[in-house]
Amino acid sequence: MMMAEGSERTEGGLGEGPEELAILELAKNPKFQSILQRKMKEFNLKAPYESLPLPIKHRVRALKNLQVEQTALEAQFYEEVQKLEAKYQLLYQPLLDKRQQIVTGLYQPTPEESRWEDSEDEDDDDEEDDKKPLQDKPQKQDGINGETRDDSAKDDVTENGACKSDDSAAGIPEFWLTALKNVDLFTDYIMEHDEPILNHLTDIKLSYTDSKGMDFTLDFYFSDNEYFSNKVLTKTYKLSCEVPKDDPFSFEGATITQMNGCKIDWKKGKNVTVKTIKKKQKHKGKGQSRVITKTVPNESFFNFFCPPDPDTFGSKDEEETEELALQLDGDITRAEFLRDRLIPKAVLFFTGDALDDEDDEDDDMGLEDDDDDNDESDPDDDYNPQSDLQNSKPPECKNQ
C-alpha cells in the first residue's frame with residue numbers, strides 16, 4: 001500500500017524523523033537563534049527585517065521604542081533586587097557568623113545540630129573503624145630486639161611522643177582553601193605558593209555599603225601568619241543599573257563598574273606576588289658580563305587584591321592591553337562568583353555537593369561553548385577593552 005505523497009510531512013514541510021525533529025527543537029532554542037544571527041552578521045547575510053517594506057519597518061521601530069521603555073523598567077527592577085540583596089544579607093549574617101565560629105573552632109555544634117540524615121551510615125562506619133583493636137592493624141618488625149611497630153600510626157606521633165588525632169584539630173581545617181580549590185574558576189588561579197597562606201584564611205564576608213545594595217565589599221579574614229601583618233584583606237566594588245544610552249539593548253542588569261583593592265603589608269621576603277630572577281648582562285664597550293637581579297611580577301591568588309587599572313591601558317601595546325582586559329574580566333567573574341555562589345554556599349563547595357550543579361550548568365551551556373570553540377573568526381576590530389569597566393579608577397596597588 002502506497003502512502004499518499006506528503007503524508008509523512010508535518011506542518012512546515014519537515015518529516016517526523018529523528019533528524020527533522022532535532023532540527024525543529026534546535027530552531028526553538030534561543031541560544032541557537034542568537035548564534036545564527038551572529039553568524040549571519042559575520043557573513044553579511046541580510047536578516048528578514050532588511051527586506052521588509054518601509055511601513056512595516058516603521059512599526060518595528062515603534063516596537064524597539066517600546067523595548068527601550070521596558071528596559072528602563074527592567075533597570076528599576078534590578079535596583080529593587082539589589083535592595084533585597086542588601087536586606088537579606090543582613091538577615092543571613094548571624095548564620096554566617098555561626099558558620100565562621102564552627103569553622104575556626106570557637107563553637108562546638110551540639111549532637112542535635114550535627115544530625116544529618118544522609119550521614120548516619122557514614123558515622124556508623126567511622127565508629128566501627130575507631131573500635132578496631134590495635135592488633136588488627138598491620139604490624140612490622142622494627143629490627144630492634146624483635147619489637148613490632150604500627151606503621152599506620154607512625155605519622156600520628158609528635159616529636160615528643162604524644163599522639164596526634166584528627167579529633168583534636170580545632171574547627172574544620174583548610175575549609176576555605178578546599179572550597180576555593182573545588183571551583184574551576186579558582187583552581188588554576190591558586191598557585192602552590194599561595195596554599196600555605198590560604199590555610200590561614202578563616203572567613204570570607206560579603207557586606208553592602210548601604211541599603212541600596214549598589215556597593216559591596218569582600219573581606220578576607222586571616223589568622224596570624226608569617227606572610228603578612230594584615231588581619232583582613234579587602235576588595236570593594238561599585239555597581240550600576242544605568243541603561244547605556246548609546247546601546248540600551250545591551251543592558252543585562254547590575255554590572256560592576258569600579259573596583260578597589262588594598263595594600264598587603266608583606267613581611268620581609270614573603271611577598272608571593274613578585275619573584276626575583278637573575279639575568280646576565282653584557283657590557284657593550286668592555287665586553288664584560290655581570291649578573292644582575294631583577295624583581296618581576298609573579299602569578300598568585302593575592303594579585304586579586306591588585307586589580308588592573310583601565311586608565312593605564314592606553315599606554316600599553318595591543319597584546320598587553322588584551323592581557324589586562326582578560327585579567328579585568330576574570331577579576332569581575334571571580335568577584336561575582338564569590339558574592340553569589342561561594343560565600344552563601346561555602347559548605348556545599350567544601351563537600352563538593354555544589355559541583356554537581358556546576359556540571360549541570362556546563363551541560364546546559366554546551367551548545368554555546370561548542371560554538372565558541374569552533375569560532376575561528378577574528379576578534380571584533382571595534383572592541384575597546386576600556387569599555388569593560390566604566391569610570392574605573394582603582395588606587396595604586398602597594399604589595400610590599
Side-chain angles (χ1 to χ4, degrees), residues 85-120 122-123 126-127 129-130 155-160 162-183 186 190 194-209 216-236 262 264-267 270 301-302 304-305 334-335 337-355:
E85 292 279 5
K87 173 184 176 181
Y88 276 87
Q89 186 60 34
L90 292 175
L91 299 177
Y92 298 149
Q93 199 54 53
L95 300 175
L96 300 179
D97 289 341
K98 191 168 186 179
R99 177 182 71 185
Q100 187 264 347
Q101 292 175 351
I102 294 174
V103 167
T104 57
L106 294 176
Y107 177 81
Q108 181 64 29
T110 65
E112 184 62 30
E113 290 174 324
S114 302
R115 190 182 305 279
W116 187 258
E117 57 183 22
D118 292 341
S119 63
E120 291 180 0
E122 178 184 338
D123 291 343
D126 290 342
E127 289 178 5
D129 289 340
D130 291 340
D155 295 333
D156 295 331
V157 179
T158 61
E159 293 180 358
N160 61 7
C163 290
K164 294 189 296 184
S165 171
D166 291 338
D167 293 339
S168 64
I172 306 176
E174 301 184 5
F175 177 83
W176 286 101
L177 173 59
T178 302
L180 286 166
K181 289 185 66 177
N182 279 343
V183 179
F186 292 96
I190 297 175
D194 293 325
E195 295 189 19
I197 311 176
L198 290 172
N199 277 332
H200 293 276
L201 181 59
T202 61
D203 199 13
I204 307 177
K205 288 186 178 180
L206 164 69
S207 60
Y208 289 91
T209 305
F216 70 91
T217 300
L218 299 176
D219 291 318
F220 292 70
Y221 289 79
F222 289 85
S223 59
D224 291 338
N225 61 80
E226 60 182 294
Y227 300 96
F228 48 71
S229 58
N230 308 68
K231 299 294 183 184
V232 185
L233 298 182
T234 300
K235 193 82 174 286
T236 59
C262 70
I264 301 179
D265 298 317
W266 295 100
K267 295 180 181 179
K270 297 297 184 179
F301 171 84
F302 291 91
F304 179 74
F305 300 97
R334 292 183 188 94
F337 190 92
L338 287 167
R339 178 194 64 187
D340 301 335
R341 305 295 301 277
L342 188 65
I343 293 177
K345 301 180 179 180
V347 65
L348 302 183
F349 286 98
F350 174 80
T351 60
D353 292 333
L355 302 182

- Taking every non-hydrogen atom, the tightest pair across A346 and A179: O-CB, 4.0 Å
- Message: Please check: side-chain N/O of D203 versus main-chain N/O of Q100, any donor-acceptor pairing under 3.5 Å?
- Response: no
- Message: Distance check, rounded to the nearest 0.5 Å: R99 atom CZ versus I172 atom CD1?
- Response: 10.0 Å
- Task: Output the distance between atom CG (L180) and atom CZ (F350), rounded to the nearest 0.5 Å.
- Result: 12.0 Å
- Is the side chain of K235 donor-acceptor paired with the backbone N or O of F304 at a distance under 3.5 Å, no angle test? yes
- Minimum heavy-atom distance between A86 and Y208, given as atom pair plus value: CA-CD1, 3.7 Å
- Item | side chain to side chain contact (heavy atoms under 4.5 Å, CB included) evaluation trace for L206 with Y92 | CA-CA 10 Å; L206 164 69; Y92 298 149; over 6 Å; no
- Do any N or O atoms from the side chain of K267 and from the backbone of N225 form a donor-acceptor pair under 3.5 angstrom? yes
- Query: How long is the gap from CG on N199 to CH2 on W176, to the nearest 0.5 Å?
  - Reply: 14.5 Å
- Task: Take L201 and F301 through the side chain to side chain contact (heavy atoms under 4.5 Å, CB included) test and state the conclusion after the steps.
- Result: CA-CA 12 Å; L201 181 59; F301 171 84; 5.9 Å; no
- Mind checking whether F305 and F228 have ring centres under 6.0 Å apart? no
- Message: Nearest 0.5 angstrom please: T351 OG1 to K345 NZ, how far?
- Response: 12.0 Å
- Query: Closest approach of L96 and Q89, non-hydrogen atoms and distance?
  - Reply: CD1-NE2, 3.6 Å
- Message: If you compare all heavy atoms of N182 against all heavy atoms of G352, which two are closest, and at what distance to 0.1 Å?
- Response: ND2-N, 4.5 Å
- Taking N230 for its side chain and D265 for its backbone only, find out whether a donor-acceptor pair lies under 3.5 Å. yes
- Query: Taking side chain as C-beta onward, heavy atoms only, is T236 less than 4.5 Å from T209?
  - Reply: no
- Query: For K181, does the NZ atom sit with more than 12 other heavy atoms under 6.0 Å from it, leaving out its own atoms?
  - Reply: no
- Task: Enter the distance from F186:CZ to L198:CG here, rounded to the nearest 0.5 Å.
- Result: 10.5 Å
- Task: Evaluate the side chain to side chain contact (heavy atoms under 4.5 Å, CB included) criterion for residues I204 and D219: first the C-alpha distance (whole Å), next the side-chain angles of each, then the deciding distance (0.1 Å), finally the verdict.
- Result: CA-CA 6 Å; I204 307 177; D219 291 318; over 6 Å; no
- Query: Are R339 and E85 close enough, and set up right, to give a salt bridge (charged side-chain N to carboxylate O under 4.0 Å, His left out), and what steps lead you there?
  - Reply: CA-CA 10 Å; R339 178 194 64 187; E85 292 279 5; over 6 Å; no
- Message: Just to verify, what does K270 make a side-chain hydrogen bond (donor to acceptor under 3.5 Å, both in side chains) with, not counting sequence neighbours?
- Response: E226
- Item | Heavy-atom closest pair, residues D340 and P344 | O-CG, 3.6 Å
- Indicate yes or no for a side-chain donor-acceptor contact from T202 to the backbone of Y221 under 3.5 Å, with no hydrogens or angles considered. yes
- Relative to the ring of F349, is the ring of F337 parallel (under 30°), tilted (30 to 60°) or perpendicular (over 60°)? perpendicular
- Test item: side-chain donor near acceptor, Q93 and D97, under 3.5 Å: yes
- Gap separating the CD1 atom of I197 from the CD1 atom of I190, nearest 0.5 angstrom: 11.0 Å
